[in-house]
Amino acid sequence: MSVCLGCSSKWHDWRWQLRNRLRTREELAAYIDLTTDEEKALTEPIFTVGVTPYFASLMDRTDPNCPIRRQVIPLSAESRGICHLHRDPLNEEGLSPVPRIIHRYPDRVVLLATEICHTYCRHCTRRRRVGMMEHGLTMAELDRAIAYIASHEEVRDVLISGGDPLIYSNRQIERIIARVRAIPHVEIIRIGTRAPVTNPFRVTPDFVAMLRKYHPIWINVQFNHYREITPESARACSLLVDAGIPVGNQTVLLRGINDSLEVQRCLVHELLKLRVRPYYLYQCDLAEGIEHFRTRVAKGIEIIEGLRGHTSGMAVPTFVIDAPGGGGKIPIGPQYLISQSPEKVVLRTYDGKIVEYPEPDV
Ligand SMILES: *Cc1c(COP(=O)(O)O)cnc(C)c1O
């Protein structure tokens, strides 16, 4: 095959990008010089491989440590079995009252709209399903999921995730959103998608015009490295934000890809320029085949410490560990509260000065 780096008239067509995902060793070899280990991992991949030509074009042809490449090309380390790793590290199946709903928190649920993605991330926490079964949401499943939300009045926030819900056509997505929006107690709808990063052509004026009929809509994306910020992904974010959709970013902390203060600082600054708010920085989950991406927890704390106070507060995400077994996201950070007594608290500032704050007499 020939490598099409923007030369094709189809290049800007998101459906063409999705249909032409690179999936085999031969197809990927047209974009990068595969290492022996990558060739081995691509021969019989355990988890699904698929990369849009657009995202593949961001990979460095010769550098095996390229941060884009490492997110999408498997290594043989994925097949290493390690006893503390799980198929379902967050017990999502156990927290699923009906198929495709995850109900972990009191007032919000996740609706898993699909198992398909534009591009399959090697660090996916839901890879037990995602990419492994490429069938969509059936009407019967949607009916049951909607009935569940409708009968739980405490659910005020519905996150449509997957897989990537933006693999669907505007009409199909609208069919889901319209039904969620029709439930009176649902206040906000959130969509989790990596399309602006891996297939930015998916975000079209028609798409945002459809979404804005269902406000308040929020979108969370996943930029993991500043090299994912391109004119195309910037345009996708700006279409969303211009339509009044607040866009947040959820970064996964990945060893060898973005586990440094320099990379994270540059990333969050670039995101703010796109009007995208850094929301979470995730410690890697204990999912099968992603051990080689895990960093020590201290690394994430060090990154937050290096951001907080040193740069715009809006640029600082919350570092979280999603509790193994399904307890929810736990915020972790540097310790600024040194001691606490009835009279006063002792604090430290971002640059290490010690200050006292007297408590009120109540
Ligand atoms: C992350 C997550 C949410 C949303 O959490 P927020 O902290 O509100 O962003 C909801 N449900 C499940 C199952 C989740 O994993």
Side-chain angles (χ1 to χ4, degrees), residues 85-115 117 121 123-130 137 141 144-146 148-166 176-177 180-181 183 185-194 196-197 216-224 240 245-254 268 271 276-288 290 300 304 314-333:
L85 302 184
H86 304 284
R87 281 190 67 246
D88 181 12
L90 308 177
N91 187 31
E92 293 185 332
E93 311 291 344
L95 295 165
S96 178
V98 299
R100 296 190 170 278
I101 292 280
I102 310 170
H103 196 171
R104 170 181 298 144
Y105 293 111
D107 67 342
R108 54 210 190 278
V109 298
V110 173
L111 168 58
L112 298 172
T114 175
E115 275 70 48
C117 284
C121 303
H123 53 276
C124 179
T125 190
R126 219 169 265 150
R127 55 180 14 192
R128 67 181 182 282
R129 312 171 50 113
V130 172
L137 179 69
E141 285 173 333
R144 261 187 99 181
I146 295 293
Y148 180 85
I149 300 168
S151 66
H152 286 77
E153 284 188 25
E154 69 277 18
V155 176
R156 38 160 294 286
D157 175 3
V158 175
L159 270 97
I160 303 173
S161 183
D164 196 322
L166 269 59
I176 301 170
I177 294 180
V180 176
R181 180 46 80 217
I183 302 170
H185 53 264
V186 173
E187 296 170 2
I188 64 165
I189 298 174
R190 290 196 250 180
I191 301 173
T193 174
R194 249 201 128 181
V197 184
I217 301 258
W218 295 61
I219 286 190
N220 278 324
V221 296
Q222 184 193 136
F223 284 97
N224 290 326
L240 294 169
I245 301 166
V247 180
N249 187 64
Q250 315 198 122
T251 292
V252 184
L253 185 54
L254 297 164
V268 295
L271 289 171
V276 172
R277 168 78 156 95
Y279 178 43
Y280 281 141
L281 175 65
Y282 284 99
Q283 176 69 11
C284 238
D285 290 331
L286 301 176
E288 277 175 355
I290 65 176
I304 301 301
M314 277 151 25
V316 186
T318 304
F319 177 47
V320 292
I321 302 182
D322 222 329
K329 298 173 185 73
I330 302 168
I332 306 288

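Each ligand, and each atom within it, is numbered from 1 in the order the structure gives. Just so we're clear, the structure is a prediction, and the values are computed from it rather than from any experiment.
Residue-level contacts of ligand 1 at the 4.0 Å heavy-atom threshold are Ile102, Arg104, Tyr105, Arg108, Val110, Leu159, Arg190, Tyr279, Tyr280, Lys329.
Under a 4.0 Å N-O distance rule, the pair Glu93/Arg128 qualifies as a salt bridge.
A heavy-atom distance below 4.5 Å is not found between the side chains of Thr114 and Leu137. Taking the side chain as every heavy atom from C-beta outward, Pro165 and Ile176 never approach each other to under 4.5 Å. Side-chain contact check for Thr318 versus Lys329: every heavy-atom pair is 4.5 Å or farther apart.
Between the side chain of Arg127 and the main chain of Ala287, no donor-acceptor pair closer than 3.5 Å is present.
Ser161 meets the side chain to side chain donor-acceptor pair (under 3.5 Å) test with no other residue; sequence neighbours excluded.
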